[in-house]
Amino acid sequence: MCYILKLTHVMEFMKQHCRLGHISKKRITKLQSDGILESFDHTSNDECESCLLGKMKKAPFDTHKNPTPFTGTCERGKDLLDIVHTDVCGPFRSATRHGERYFVTFTDDFSRYGYVYLIKHKSETIEVFRTFQNEVENQLNRKIKTLRSDRGGEYLSQEFRDHLRSCGIIAQLTPPRTPQHNGVAERRNQTLLDMVRSMMSRTALPISFWGYALETAARVLNLVPTKKVSKTPSEIWSGEVPSLAYLKVWGCEAYVRREAQDKLEPRSERCYFVGYPTNSFGYLFYKPSENKVFVARRAWFLERELISKETSGSQIDLEEIQESTSMETDVGTSSQQQVVEPTVVEPQQRVTEESDIQPPPVRRSDRVRHAPERYNLLISDGDDTQVDLDEPTSYQEAMAGPEAAKWKEAMESEMQSMYDNQVWDLVDHIPIQKIVGHKWVFKKKTDMDGKVHTYKARLVVKGYTQTHGVDYDETFSPVAILKSIRILIAITAFHDYEIWQMDVKTAFLNGKLSEDVYMTQPEGFVQSEHPNRVCKLQKSIYGLNWNICFDEKIKEFGFLRNEDEPCVYVRTSGSIVVFLVLYVDDILLMGNDIPTLQSVKTWLGKCFSMKDMGDATYILGIKIYRDRSRRLIGLSQSTYIDKVLKKFNMQDSKNGFIPMQHGLALSKAQCPSSTSELERMSRIPYASAIGSIMYAMICTRPDVSCALSMTSRYQANPGNDHWTAVKNILKYLRRTKEMFLVYGGAEELSVKGYTDASFQTDRDDSCSQSGFVFLLNGGAVSWRSSKQSTVADSTTGAEYIAVNEAAKEAVWMKKFIGDLGVVSSIQDPIEIFCDNEGAVILAKEPRSHKRTRHILRKFHYVRKVVEDRDIIISRVGTDGNLADPFTKPLSQTKHDAHTRSIGIRFASDLA
């Protein structure tokens with residue numbers, strides 16, 4: 001009997017604890033002693049798992065009192081509105097249902113009564129302050145005397161200053177980098193976020209509902225005690241003892257009465273309780289079936305059911321309720337904001353500075369792992385990038401956001417394509433069938449200026465749940481190698497070919513399946529009359545294999561596929577030549593006869609649903625510029641680089657003049673060793689920055705190849721020196737983002753290669769650095785900078801290994817360009833230049849020397865291709881070796897000279 005009674009008390013305590021937004025036991029005790037809350041025993045030592053998930057803190061800092069920097073004493077406000085504390089928190093990675101990513105708080109110092117406002121941009125701070133000021137001054141018949149804030153730009157704007165001056169409000173600003181002097185506001189932010197995380201960890205609501213949870217938490221804080229005041233903030237503020245009887249457990253399910261149209265229909269429906277309306281009596285409920293939030297006077301709340309559930313931490317990414325712009329750099333700071341190092345600061349870290357306390361281990365979330373950000377920065381849907389595009393990650397988030405109508409239209413377009421292509425049949429579900437899930441993926445396509453012009457929704461099947469050999473055999477997507485695209489663009493510039501662009505709509509829906517695959521009905525489009533049926537796929541869908549349908553159709557029109565590049569097709573007829581390049585669902589058409597090109601378009605339009613993009617100007621995140629009068633084509637990634645710089649807060653950094661400092665050497669000795677260093681570097685987005693820079697390097701920026709090769713070796717455990725080197729690459733890209741990789745101006749269409757090696761540059765394993773670059777029509781078309789896999793014991797050995805790597809690339813280029821049939825000089829050997837005479841001789845003559853006997857047999861491949869007259873090796877002076885910047889950091893003069901020689905130039909250099 002005692003056990004049952006104790007269990008009842010524990011459940012009652014948990015219910016009140018959850019209703020009050022997971023406040024502490026001490027506050028609940030105070031409410032009981034004041035007679036506001038019913039007394040019950042809560043001496044149990046059981047901990048709330050939601051609080052452990054949402055409120056875990058570091059060891060406490062020194063809490064001795066410090067005089068305020070404004071008065072020299074620990075004086076507080078003597079009456080309401082004497083001092084108001086404010087701060088802006090955000091942005092958050094996930095927006096609310098209405099698109100807000102920030103919130104601003106105003107807290108009265110005397111009563112600790114607080115207001116919270118959700119905002120979309122920091123610039124809205126002045127408007128919400130006016131709203132707050134008008135309301136509180138009117139309700140209390142008092143004036144705000146002092147506003148205390150940090151030095152955020154939103155508080156330092158001229159408009160904000162003028163408003164405070166006109167109202168006679170004293171603006172108290174904390175010193176730079178001292179958030180503890182704004183401790184009331186900072187602590188309020190921390191407490192609110194702790195409560196939000198705890199409240200959301202138990203419910204199944206989407207993370208976009210954090211705004212409702214925040215407003216509920218702010219309301220509860222005003223109703224419960226705080227150690228700084230003797231009564232509750234609400235009682236001091238209004239003079240009335242607050243009632244807690246109406247509070248409910250946030251996020252619980254509830255049955256809400258509805259007006260039924262038929263007497264036999266249910267009288268209520270199941271919804272979620274999400275908060276309290278501001279200007280109305282009742283409660284706020286979320287109806288998932290209609291995706292709307294509404295006000296109702298009463299309901300039956302299923303609080304115990306939610307409390308008895310295990311926390312849903314795996315469903316809600318708790319790290320989403322963390323600030324994402326605390327990653328700041330030591331460059332580009334303004335007078336309004338002085339920051340030091342790019343690091344992600346947790347809310348509790350902003351209240352007090354770290355002293356001698358060792359930081360805790362890195363917190364690991366139990367959420368489902370996704371691909372690293374650096375992959376999201378590369379290619380999505382062909383020609384757009386995913387940097388800072390604010391795209392929803394789920395169907396619920398898309399429907400809850402401000403762009404729901406546009407995403408709904410995009411999904412309807414996708415579904416219409418499914419119906420038109422007869423992708424599936426609805427069949428009855430049989431228990432023995434294996435059902436594959438699905439997911440909506442949302443993308444925004446941008447133009448060359450970074451402006452969104454298309455909203456795309458794709459229905460993706462969760463193909464990772466399939467079994468090889470059972471319901472799939474092979475999965476692939478046709479992707480052209482970027483160097484083959486550059487080679488064709490160089491040829492196009494020389495011959496002044498046309499270059500057009502097309503897009504295959506729903507390309508993946510054109511392949512038939514030979515396996516039986518069953519999928520759940522698409523979210524948001526479940527047929528009401530057959531909700532339990534499943535989709536039996538007749539054709540492939542994103543995430544599944546799609547076969548060689550495109551290859552078959554294009555060959556029917558007379559195209560031949562290049563044997564060395566399966567995504568490049570050639571069609572010749574006399575003097576007429578047409579090239580077709582396929583990159584997933586993007587197509588480039590190049591040729592010298594407009595009627596023939598038009599006939600290719602017509603044929604493709606008959607076979608597939610196509611979109612004619614006209615002259616190619618922007619593909620794969622690359623701008624294409626042409627000067628046909630001078631037969632020049634330039635490639636630029638300025639828009640992509642801008643987005644990368646914003647991603648890492650480097651858009652206002654100082655300009656860098658070289659990618660890597662001349663003479664700089666990186667090593668594992670610079671990796672962090674102490675716990676505090678490891679903790680700090682774990683918050684640095686090192687790998688993400690490397691991946692972002694890599695896409696620019698692969699496409700159009702060979703000038704950063706060496707710097708990227710050397711910094712990418714330390715992604716597993718980067719140190720501060722390594723991160724500084726990466727930031728220097730970003731600074732250099734900022735200065736040179738408007739540069740073009742230019743093709744044109746050559747008198748003949750021939751390939752020339754350059755190779756070089758830097759002897760034992762790696763301090764960790766004494767390996768050398770190889771580099772090569774191949775030029776066609778005045779611009780680089782293929783390049784590489786990489787560490788050698790073996791240790792060379794002489795400069796000749798290192799150079800010889802580099803020559804062998806360049807020889808293999810030259811043989812591929814010779815075969816690929818030869819099959820195109822438009823470069824007559826490719827029948828001659830490709831000339832490769834090397835600045836080491838010993839390596840040149842070793843490649844030409846099979847001599848044996850005591851200094852070269854250790855060279856592995858695989859590196860003698862170069863001798864065979866020299867003997868077959870595929871390539872020839874020639875000597876060149878060091879100053880004329882264009883592969884020199886691919887093996888070591890150079891001085892700015894040499895770096896700039898070599899950069900121009902491989903075709904990278906500013907627009908002013910082309911005039």
Side-chain angles (χ1 to χ4, degrees), residues 93 317 319 322 324 326-330 341-346 358-379 386-387 644 647-650 659-661 664-698 701 704-733 758 760-771 784-791 805 886-889:
R93 292 179 226 159
D317 185 350
E319 293 182 356
Q322 300 290 338
S324 60
S326 299
M327 182 186 68
E328 299 163 338
T329 67
D330 59 348
E341 190 62 35
T343 177
V344 175
V345 183
E346 297 180 359
Q358 286 294 329
V362 180
R363 182 180 65 181
R364 301 297 183 189
S365 171
D366 59 353
R367 68 189 187 279
V368 178
R369 299 293 173 180
H370 301 287
E373 283 186 13
R374 61 180 181 272
Y375 300 126
N376 292 334
L377 287 168
L378 304 185
I379 300 298
Q386 200 184 12
V387 184
V644 172
K647 179 73 174 180
F648 302 103
N649 286 343
M650 297 289 286
M660 179 172 281
Q661 183 181 349
L664 178 65
L666 302 177
S667 69
K668 291 182 180 178
Q670 298 161 327
C671 294
S673 55
S674 67
T675 305
S676 59
E677 288 179 319
L678 288 168
E679 167 69 12
R680 189 175 67 84
M681 291 306 299
S682 68
R683 295 191 292 267
I684 299 297
Y686 189 89
S688 180
I690 290 291
S692 304
I693 299 170
M694 185 171 291
Y695 183 60
M697 183 275 293
I698 290 174
R701 299 306 300 266
V704 300
S705 296
C706 181
L708 191 62
S709 172
M710 292 183 174
T711 54
S712 62
R713 301 169 193 174
Y714 305 98
Q715 295 184 65
N717 188 25
N720 187 63
D721 292 336
H722 305 137
W723 176 236
T724 300
V726 172
K727 289 192 293 183
N728 285 335
I729 302 176
L730 292 171
K731 292 178 187 178
Y732 171 76
L733 288 174
S758 186
Q760 293 188 354
T761 53
D762 193 292
R763 290 189 174 185
D764 300 315
D765 55 18
S766 299
C767 288
S768 303
Q769 184 81 7
S770 290
R784 182 184 301 166
S785 177
S786 60
K787 187 175 75 171
Q788 293 182 358
S789 58
T790 60
V791 178
E805 295 300 317
F886 291 83
T887 60
K888 65 183 79 67

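Quantities reported herein were computed from a predicted structural model and do not represent experimental measurements. Note that the numbering runs from 1 along the sequence shown for the chain.
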- Message: Between Asp764 (side chain only) and Lys668 (backbone N and O only), is there a donor and an acceptor less than 3.5 Å apart?
- Response: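 Flag set: sc Asp764 to bb Lys668 pair under 3.5 Å.
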
- Task: Keeping the roles fixed (side chain from Ser709, backbone from Ser705), state whether a donor-acceptor pair exists under 3.5 Å.
- Result: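 Checked: no pair found.
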
- Item | Ser766 side chain to Gln760 side chain, donor-acceptor N/O pair below 3.5 angstrom |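 No, Gln760 and Ser766 have no side-chain donor paired with an acceptor closer than 3.5 Å.
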
- Test Leu666 against Arg713 for side chain to side chain contact (heavy atoms under 4.5 Å, CB included), laying out the working first. CA-CA 10 Å; Leu666 302 177; Arg713 301 169 193 174; over 6 Å; no

Which heavy atom in [X] sits nearest to a heavy atom in [Y], and how many Å separate them?
X	Y	answer
Met710	Pro889	CE-CD, 4.3 Å
Ala689	Trp723	CB-CZ3, 3.9 Å
Asn717	Cys671	O-SG, 3.0 Å
Leu730	Val644	CD2-CG1, 4.0 Å
Gly719	Pro672	CA-CD, 3.5 Å
Ser768	Ser758	CB-O, 3.1 Å

- Query: Would you say Asp765 and Val791 make side-chain contact, with heavy atoms under 4.5 Å?
  - Reply: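 When only atoms from C-beta onward are counted, Val791 and Asp765 do not touch, as no gap falls below 4.5 Å.
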
- Message: Using side-chain heavy atoms (C-beta onward) and a distance below 4.5 Å, is Thr711 in contact with Met660?
- Response: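 Result yes, sub-4.5 Å side-chain heavy-atom pair found.
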
- Message: Could you walk me through whether Thr887 and Gln769 satisfy the side chain to side chain donor-acceptor pair (under 3.5 Å) test, starting with their C-alpha distance in whole Å, then the side-chain angles of each, then the deciding distance to 0.1 Å, before giving a yes or no?
- Response: CA-CA 5 Å; Thr887 60; Gln769 184 81 7; over 6 Å; no

To the nearest 0.5 Å, what is the distance between [atom1] on [X] and [atom2] on [Y]?
X	Y	atom1	atom2	value
Ser674	Met681	OG	CE	11.5 Å
Gln788	Cys767	CD	SG	7.5 Å
Tyr714	Ser667	OH	OG	5.5 Å
Lys647	Ser688	NZ	OG	6.0 Å
Met694	Ile690	CE	CD1	6.5 Å

- Query: With under 30° as parallel and over 60° as perpendicular, where do the rings of Tyr686 and His722 fit, or are they tilted in between?
  - Reply: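 Geometry flag for His722 against Tyr686: perpendicular rings.
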
- Do Arg701 and Ile693 pass the side chain to side chain contact (heavy atoms under 4.5 Å, CB included) test, and can you show the C-alpha distance, the side-chain angles, and the key distance before you say yes or no? CA-CA 9 Å; Arg701 299 306 300 266; Ile693 299 170; over 6 Å; no

- Query: Hey, is NZ on Lys787 packed in by over 12 heavy atoms from elsewhere, all under 6.0 Å?
  - Reply: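 Yes - once you tally the heavy atoms of other residues, nucleotides and ligands closer than 6.0 Å, there are more than 12.
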
